[in-house]
Protein chains: 2
Amino acid sequence: MSGPDDAAAPALLPLYAQVKARLVSRIQSGDWKPGQLIPNEFALAGELGVSQGTVRKALGEMTAEQLLVRRQGRGTFVQRHTPESMLFRFFNFHDAAGQPIVPETLWVKVRKGIAKPAERTRLALEAGAVVVRISRVRGREGRPFDHEQIVVPQALFPGLADASEVPNTLYDHFQQFYGVTATGGEEKLDAVSAGEREAGLLDVAPGTPLLRLDRTMFSFDDKPIEWRLSVCALGGAHYSVRLG
Amino acid sequence: MSGPDDAAAPALLPLYAQVKARLVSRIQSGDWKPGQLIPNEFALAGELGVSQGTVRKALGEMTAEQLLVRRQGRGTFVQRHTPESMLFRFFNFHDAAGQPIVPETLWVKVRKGIAKPAERTRLALEAGAVVVRISRVRGREGRPFDHEQIVVPQALFPGLADASEVPNTLYDHFQQFYGVTATGGEEKLDAVSAGEREAGLLDVAPGTPLLRLDRTMFSFDDKPIEWRLSVCALGGAHYSVRLG
DNA sequence: CAGTGGTCTAGACCACCGT
DNA sequence: CGGTGGTCTAGACCACTGT
């Protein structure tokens, strides 16, 4: 309606980017919750004092980043993590036939402790910060597939270490119970030999080649929320990457 | 200018998608060559009988797919593969410090032959088709890093098998000399033990864990243009993946 | 300076959805 | 049917580039 500079926005960004930042912060703050229907384009445009096309551009970028889901005829919703959507996005293993692998948890142990230097670096924590460490073995069809060592800041997930059990899929649990949304991550892969301990956990012979994954997961503003070190006995399965 | 249905287009697609298809085909056919400046938005809009905004949407998608490069104040250009851009896009290895690895070719052998069943499947070839097989060892700082077995259809790259030497970076060479542009690919990773032959080629002990990559590369219309099987002795390096 | 892509607006019509 | 997102248009102004 009025003009390009309206409210208290000292930014030097395009209007649509400022609109996007405002909408993202509404999700980040919990003002808009996962699964919730948000106002339509015209309502947002009127409220923010910009045109509908500008709102559309902001919503389009947020949809591309998987923060929103738009459905013609229904409306725009905040993306809600489900076990299925999380596996599809962040679990890249497929079997020999190309079918996605759905892992089960075979064994899990949760501890609490003071963050070690390596953990502080990965999770951007201050000295003395408390972390929750989850060690678990996951499998497919009852056979062990990978051993994961997961570290998260306790401050983000209070009570996680004391819960009676840890859910099989973590990221949807993080979102639903702690309001922490995983938005992306970085993963580093290499190959290692199974030592005595991994061989026992994964039921393979010592020396078996394993795929090792070193993953850091981020939320909004690239804030680290999880560090995960996995070793996998693939047994005919593989890790899939799309190049583009 | 006129309306939504103008020329001979029996499609049931949005206008911008039809525009995009036409523009892609101009690149695919070689009408527009890599590095070339293409007409501006208004010229294309006038020529195709649509509005500038519609052309913009098509160009935007093509830019997102790395088919075009747009530079404010200069114009829109067909994306040109360079050794650097190809490494950045399709070579995901980084050293322990996180720096991208730039490989050299240490050893290479080129042969010609009739496609085997596995090769026919991967490259969608008919029985009796001729393929070129490239076997090479690449390294960093003179030390062997990976052994690649590359298979391409000879029909796409005539004379490649008879060339005096094979360039270190293939995809830019494919584009520049054969007009074949790699647009994307699929990669499957797993871990294996070094056998006698790989151990010798990569200068490691037999049994050393290696990262194996099985890659199929595609051009326009998802047409397969290359199958590549690599085994890598990482030695502190790693394969990087961005999750999102 | 002229030409290009980048942003922003205002309005129209269509396709789809639930009631 | 009314409401939503999806498409398409026409025009304006800005920011950047090279001459």
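All of these numbers come straight from a predicted model, not from anything done at the bench. Per chain, numbering begins at 1; letters A, B, ... match sequence-line order.
- B:Tyr178 and B:Phe174 have perpendicular rings, their planes meeting at more than 60° on a 0 to 90° scale where under 30° would count as parallel.
- Among the nucleotides C:dT9, D:dA10, D:dG6, the one closest to any side-chain atom of A:Val50 is C:dT9.
- Of the candidate nucleotides D:dT9, C:dT4, D:dT17, C:dT4 has the atom lying nearest to any side-chain atom of B:Asn40.
- Inter-residue side-chain proximity for B:Arg122 and B:Val151 is flagged as unmet; no heavy-atom pair is nearer than 4.5 Å.
- Between B:Arg74 and D:dG18 there is a side-chain N or O to OP1 or OP2 distance below 4.0 Å.
- When rounded to the nearest whole Å, the span between CG of B:Leu15 and C1' of C:dA12 equals 15 Å.
- Taking atom NZ on A:Lys20 and atom C1' on C:dC8, their separation rounds to 18 Å, with Å as the unit.
- Going from atom CG of B:Leu44 over to atom P of D:dC8 covers 16 Å, rounded to whole Å.
- Ring to ring, B:Phe93 and B:Phe145 are close: their centroids are under 6.0 angstrom apart.
- With salt bridges taken as basic N to acidic carboxylate O contacts below 4.0 Å, none links B:Glu41 and B:Lys57.
- One finds the CG atom of A:Asn92 at 6.5 Å from the CD atom of A:Glu187 (value rounded to the nearest 0.5 Å).
- Nearer the 5' end of DNA chain C, as judged by each residue's closest nucleotide, is the contact made by B:Arg70, out of A:Gly53 and B:Arg70.
- If you measure from atom CZ of B:Phe42 to atom P of D:dA10, you get 11 Å, rounded to the nearest angstrom.
- OP1 or OP2 of C:dT4 has not a single side-chain nitrogen or oxygen of B:Thr76 nearer than 4.0 Å.
- Following rounding to the nearest Å, B:Arg71 (CZ) and C:dT4 (C1') show an atom-to-atom distance of 13 Å.
- Using a 4.0 Å cut-off on heavy atoms, the residues of residues 54-67 of chain A that approach DNA chain C are A:Thr54, A:Lys57, listed by number.
- Distance CD1 (B:Ile38) to C1' (C:dG5): 12 Å, rounded to an integer number of Å.
- Between the CG atom of B:Leu37 and the P atom of C:dG5 there is a distance of 8 Å, given to the nearest Å.
- Contact of the A:Val19 side chain with the A:Val50 side chain is registered, since non-hydrogen atoms from C-beta on lie closer than 4.5 Å.
- The side chain of B:Tyr16 approaches D:dT7 more closely than any other nucleotide in the set C:dC8, D:dG6, D:dT7.
- If you measure from atom CG of B:Leu48 to atom P of D:dT9, you get 11 Å, rounded to the nearest angstrom.
- Dense packing is recorded around CZ of B:Arg120, with more than 12 heavy atoms of other residues, nucleotides or ligands lying under 6.0 Å away.
- Proximity note for A:Glu41 (side chain, C-beta onward) versus C:dC8, D:dA15, D:dG5: the nearest is D:dG5.
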